[in-house]
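Inspection log for the structure reproduced underneath, given as structure tokens.
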There are 2 protein chains.
Amino acid sequence: MTKPKGSTPKALRTREAIEIAARELFAINGFDRTTVRDIGARAGIDPSMIIRYFGSKDALFAQIAAPDLHLPDLSATDSGVIGETLVRHFLDLWEGDGVGGGMPVLLRSAASNEEAAEQLRKIFLTQVFPAVARAGPPETAPRRAGLVASQLLGLALTRYVLMVPPVVMMPPEFIIRTVGATIQRYASGECLSPDEA
Amino acid sequence: MTKPKGSTPKALRTREAIEIAARELFAINGFDRTTVRDIGARAGIDPSMIIRYFGSKDALFAQIAAPDLHLPDLSATDSGVIGETLVRHFLDLWEGDGVGGGMPVLLRSAASNEEAAEQLRKIFLTQVFPAVARAGPPETAPRRAGLVASQLLGLALTRYVLMVPPVVMMPPEFIIRTVGATIQRYASGECLSPDEA
DNA sequence: TATTTTAGTCAACAGTTGTTGGCAAATTAA
DNA sequence: TTAATTTGCCAACAACTGTTGACTAAAATA
């Protein structure tokens with residue numbers, strides 16, 4: 001035994017270097033415009049290593065672009081501040097360099113990469129949907145979650161990808177208050193007629 | 001004289017065929033994943049014609065992706081239905097196959113194409129901004145327009161590009177009412193403190 | 001009709017892409 | 001230290017990219 005192919009300390013270090021470089025480049029340029037040669041150059045290793053470590057460029061992307069949103073349990077928070085809580089959480093996630101940085105990666109790539117789009121729908125389904133669902137009547141849960149997603153992703157798109165000037169300049173507290181109020185209305189369902197599923 | 005290089009009826013027909021094919025493919029696959037060979041095949045002509053007619057792939061894209069939103073003059077409409085009017089207008093534009101179809105094209109491509117992103121910012125600046133500006137106090141105009149853009153583009157993103165199921169299923173009247181209310185709040189500035197520019 | 005101009009095709013170019021096999025160097029295990 | 005693996009680099013591949021020039025067929029002009 002004792003033949004760990006790819007788990008020696010040196011291997012783990014370069015493996016992580018590749019992941020970091022890939023995450024940065026995918027976030028900046030998207031999937032298509034990021035080449036394995038670019039990633040290799042940034043990680044300081046030969047491009048061929050990327051294939052040997054991850055099998056293919058697509059496989060590498062799949063491993064990079066799986067962010068955990070760590071959404072808070074909204075059923076526990078005061079129902080009056082659900083919107084603010086959600087927006088604050090997302091801004092903290094996106095503004096920092098944490099693992100949630102996988103979100104801009106997906107947003108940049110989802111436009112032309114069906115796999116990335118599927119990944120984003122999955123995140124929406126498994127993380128945003130349950131969190132929003134508990135904040136209102138179950139019948140209207142899909143629509144409430146859909147509206148929340150449209151505003152939240154629109155914010156991320158205009159602020160981090162398209163970089164529309166006034167949206168970029170807005171201080172976090174301002175966004176939390178204004179957009180938070182919208183999310184609040186969507187999530188609670190106060191904007192829906194009682195008879196529409 | 002009488003040497004119109006590219007204005008003979010036959011030339012105009014194939015030129016239009018190229019534009020149509022390009023518009024469709026750009027909208028479906030985005031800029032990067034659309035090749036001149038694909039466009040040529042769909043238009044039924046040799047790929048080299050595309051270069052001879054438009055100069056380059058980028059030039060073709062620039063001509064395709066310049067949609068005119070034809071936004072209504074909101075200063076003339078009742079200030080109470082500004083939101084609904086705007087959302088209804090965008091849905092009509094996007095839902096149909098008209099010239100406004102250039103919007104999904106841009107949205108798909110803007111993620112990885114800086115030129116497309118710039119184009120989208122330009123459209124925002126020259127069309128959405130003025131329309132929204134007249135609906136409230138001038139000092140808050142940039143922020144109001146920014147918020148409007150974030151919700152409007154988020155709607156287009158989730159409904160036409162990412163195709164988040166519940167957002168796709170929403171009937172237009174539902175969107176006009178719910179999202180329209182949000183746009184109304186953003187555009188009028190009723191969600192802003194009076195002292196924040 | 002004769003002639004000039006244009007539309008269109010073909011083949012090929014130079015560059016870039018993801019990916020692979022062979023070989024030297026370094027690290028690990030004994 | 002010596003032997004066994006594995007990390008890493010190099011060169012090259014096949015496929016695909018946008019783009020170009022030469023040549024043929026068609027159309028417009030006279």
Side-chain angles (χ1 to χ4, degrees), chain A residues 1-23 25-26 28-65 108-109 112-116, chain B residues 1-23 25-26 28-65 108-109 112-116:
Chain A
M1 308 287 157
T2 69
K3 296 177 187 171
K5 180 153 61 176
S7 64
T8 164
K10 189 133 208 146
L12 286 180
R13 236 179 299 138
T14 59
R15 191 183 182 90
E16 193 172 6
I18 293 176
E19 286 187 9
I20 292 176
R23 212 184 300 271
L25 290 179
F26 281 147
I28 296 174
N29 304 109
F31 181 81
D32 289 323
R33 303 237 163 157
T34 300
T35 75
V36 290
R37 283 171 174 80
D38 291 339
I39 299 175
R42 192 176 185 96
I45 46 91
D46 192 88
S48 63
M49 299 304 299
I50 295 168
I51 305 297
R52 285 170 69 103
Y53 271 81
F54 294 89
S56 70
K57 182 189 175 187
D58 291 85
L60 169 62
F61 180 82
Q63 203 152 109
I64 295 299
R108 282 235 182 242
S109 306
S112 64
N113 190 332
E114 175 54 30
E115 192 181 350
Chain B
M1 309 287 156
T2 69
K3 296 177 188 174
K5 182 154 59 176
S7 64
T8 164
K10 189 135 207 146
L12 286 181
R13 237 180 298 139
T14 60
R15 190 185 182 89
E16 194 172 6
I18 292 176
E19 286 186 10
I20 292 176
R23 211 184 301 271
L25 289 180
F26 281 147
I28 297 173
N29 303 109
F31 181 81
D32 289 323
R33 303 236 164 157
T34 300
T35 76
V36 290
R37 283 172 174 80
D38 290 340
I39 299 175
R42 194 178 184 98
I45 46 90
D46 193 87
S48 62
M49 299 302 300
I50 296 168
I51 306 296
R52 285 171 72 97
Y53 270 81
F54 294 89
S56 69
K57 182 190 175 186
D58 291 85
L60 169 62
F61 180 81
Q63 205 153 105
I64 294 298
R108 281 236 182 242
S109 306
S112 64
N113 189 333
E114 176 53 32
E115 191 181 351

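Protein chains get the first letters and strands the later ones, always in sequence-line order, with residue 1 at the start of each.
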Next on the checklist: With nearest nucleotide decided by heavy atoms, which residue, Asp46(A) or Asp32(B), maps closer to the 5′ end of DNA chain D?
Outcome noted: Asp46(A)
Next on the checklist: Does anything in residues 51-63 of chain A come within less than 4.0 Å of DNA chain D? Heavy atoms only, and list the residues if so.
Outcome noted: Arg52(A), Tyr53(A)
Checklist entry - When all nucleic acid strands are considered with a 4.0 Å heavy-atom cut-off, which category describes Ile50(A): base, sugar-phosphate, or nothing? => result nothing
Next on the checklist: Do Asp58(A) and Glu115(A) have side chains that approach each other closer than 4.5 Å (heavy atoms only, starting at C-beta)?
Outcome noted: yes
Checklist entry - Arg33(A) or Met49(A): which one's nearest nucleotide on DNA chain C is closer to the 5' end? => result Arg33(A)
Checklist entry - Can you tell if the side chain of Thr34(B) reaches within under 4.5 Å of the side chain of Ile39(B), non-hydrogen atoms only? => result yes
Next on the checklist: Students often get this wrong, so: under 4.0 angstrom with heavy atoms, is Ser48(A) touching a base, only sugar-phosphate, or nothing?
Outcome noted: base
Item to check | side-chain N/O Lys10(A) vs dT27(C) OP1/OP2, d < 4.0 Å | outcome: yes
Checklist entry - Is there a donor-acceptor pair under 3.5 Å between the side chain of Arg108(A) and the backbone N or O of Ile28(A)? => result yes
Checklist outcome for this item: Residues at least two apart in sequence or cross-chain that pass side-chain contact (heavy atoms from CB on, under 4.5 Å) with Ala59(B), listed by chain then number, are Ser56(B)
Checklist entry - Please give, in whole Å, the distance from dA7(C) C1' to Glu16(B) CD? => result 17 Å
Item to check | Heavy-atom pair of closest approach, residues Ala17(B) and Ala43(B) | outcome: O-CB, 3.8 Å
Item to check | Ile45(B) CD1 - dA7(C) C1' separation (whole Å) | outcome: 11 Å
Next on the checklist: Would you compute the distance between atom CG of Asn29(B) and atom CG of Asp32(A) and round it to the nearest 0.5 angstrom?
Outcome noted: 10.0 Å
Checklist entry - Starting at the 5' end of DNA chain D and moving along, which residue's nearest nucleotide shows up first, Ala11(A) or Arg37(B)? => result Ala11(A)
Checklist entry - So Phe26(A) and Phe61(A), would you call those rings parallel, tilted or perpendicular, with 30° and 60° as cut-offs? => result perpendicular
Item to check | Short side-chain N/O contact from Thr8(A) to OP1 or OP2 of dT5(D), under 4.0 Å | outcome: no
Checklist entry - What integer distance in Å separates Arg15(A):CZ from dT6(D):C1'? => result 14 Å
Next on the checklist: Please check: side-chain N/O of Lys57(B) versus main-chain N/O of Ile50(B), any donor-acceptor pairing under 3.5 Å?
Outcome noted: no
Checklist outcome for this item: Applying the Watson-Crick and G-U criteria (both distances under 3.5 angstrom) with [ ] for crossing and | for other-strand pairs, one obtains for DNA chain C |||||||||||||.||||||||||||..||
Checklist entry - The side chain of Val36(A) lies closest to which of these nucleotides: dT19(C), dC9(D), dG21(D)? => result dT19(C)
Next on the checklist: Give me the atom names and distance for the closest heavy-atom approach of Phe54(A) to Glu19(A).
Outcome noted: CZ-CG, 3.7 Å
Checklist entry - Does Thr35(A) make a side-chain N or O approach to OP1 or OP2 of dT16(C) shorter than 4.0 Å? => result no
